[in-house]
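Start at 1 with the first residue, then count along the sequence.
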Amino acid sequence: MNERLILVTNDDGYASKGLAAAIEVARSFGRVVAVAPETTQSGMSQAITMYKPLFLRRVRQEPGVEVYAFSGTPVDCVKMAFDHLLREERVDLVVSGINHGSNSAVNVLYSGTMGAALEGSFYGCPAVGLSLDDHSEDADFEAAVLYGKRIIGDLLAHPVEMPLCLNVNIPAGRPEALHGIRLCRQNRGYWREEFFRRQDPLGREYFWLTGNFVNTEPDACDTDERALAEGWVSVVPIQADLTDYRRLEQLREVFGPNEK
């Protein structure tokens, strides 16, 4: 039986601590090829680069692991891997992360980590986005690595219908402080942004973006936000189909049945 080939990527850059942790997770299951952005690409979602050249360079090679830095977005990295670098090989799994910071709730729509994971699922293999609810540069990834290995091991042992993309968020803290894994749904909510206005030394006006997440269902017990708050690793299956099927039926009453 051939060794599995696992593609690893992220949105924090090829030199991040989280990518090293993701490679540690993936290396337990096969040969690893990592293609990650040259620089931080957080918040890039499904963005692709169309109007400037892209540059690929190998930054590390050792038995079982190759790491490449790519000048594009996280989705660019996945496309580069599947459509060029690994074009003649079969990729068995995509691992994106481990992100510095949670990608629960509506964050999944903005996340470069999850954008890359979702892109990977388009190529017919399972994809898992891993995020740690800790933004600090010296974050402790031990629990994220442990649960990443457990979730991926279970997934590979019980194949399911493709496409499959999992959004996995791990609470900050030591492994022994966490309760386990909870399958749940995406929490509903939205961000309300605020722009801080400043002036540079030349008197030019500039802005810093910040904001707060508004949880529209704080009492719900089956969401990823609740799981994280209660010390559980949240696992949410996600998909590219954004159709609101409930509204689709309601709108038939507004616009009438489809014309033949």
What residues form a ring pair (Phe, Tyr, Trp, His ring centres under 6.0 Å) with [X], not counting sequence neighbours?
X	value
F122	none
F82	Y123
H179	W232

Response to the item:
Smallest heavy-atom separation, G72 atom then L54 atom, equals CA-CD2, 3.6 Å
Which other residues belong to the hydrophobic cluster containing [X], where Ile, Leu, Val, Met, Phe, Trp and Tyr are joined when side-chain heavy atoms lie under 4.5 Å apart, directly or via other members?
X	result
V75	I48, M50, Y51
F195	F207, L209
F55	none

Is it true that [X] and [Y] have a side-chain N and a carboxylate O under 4.0 angstrom from each other?
X	Y	answer
E205	R197	yes
E3	R31	no
R174	D140	yes
E249	R252	yes

I'd like to know if the side chain of [X] and the backbone of [Y] have a donor-acceptor N/O pair within less than 3.5 Å.
X	Y	answer
S45	L109	yes
N99	S131	no
D133	I170	no

For [X], side chain to side chain donor-acceptor pair (under 3.5 Å) partners two or more places apart:
X	value
Q41	none
Q239	none
R150	none

Worksheet entry | salt bridge (charged side-chain N to carboxylate O under 4.0 Å, His left out) contacts in which one or both residues fall within residues 225-242, not counting sequence neighbours | R182-E230, R226-E230
Item to complete: Please identify each residue that fulfils side chain to side chain contact (heavy atoms under 4.5 Å, CB included) with R57, with sequence neighbours left out.
Response: Y14, E38, V59, A69
Response to the item:
Those residues at least two apart in sequence (or on a different chain) that pass side chain to side chain contact (heavy atoms under 4.5 Å, CB included) with R247 are D244, Q250
Fill in: Heavy-atom neighbours of E161 CD exceed 12 at 6.0 Å
no
Item to complete: Please check if atom CZ in R185 has more than 12 non-hydrogen atoms from other residues, nucleotides or ligands closer than 6.0 Å.
Response: yes
Practice prompt. Taking atom types as modelled, find out whether N187 and T223 have a side-chain donor-acceptor pair closer than 3.5 angstrom.
Written response: yes
Worksheet item: Any side-chain donor-acceptor pair under 3.5 Å between S104 and N107?
Response: no
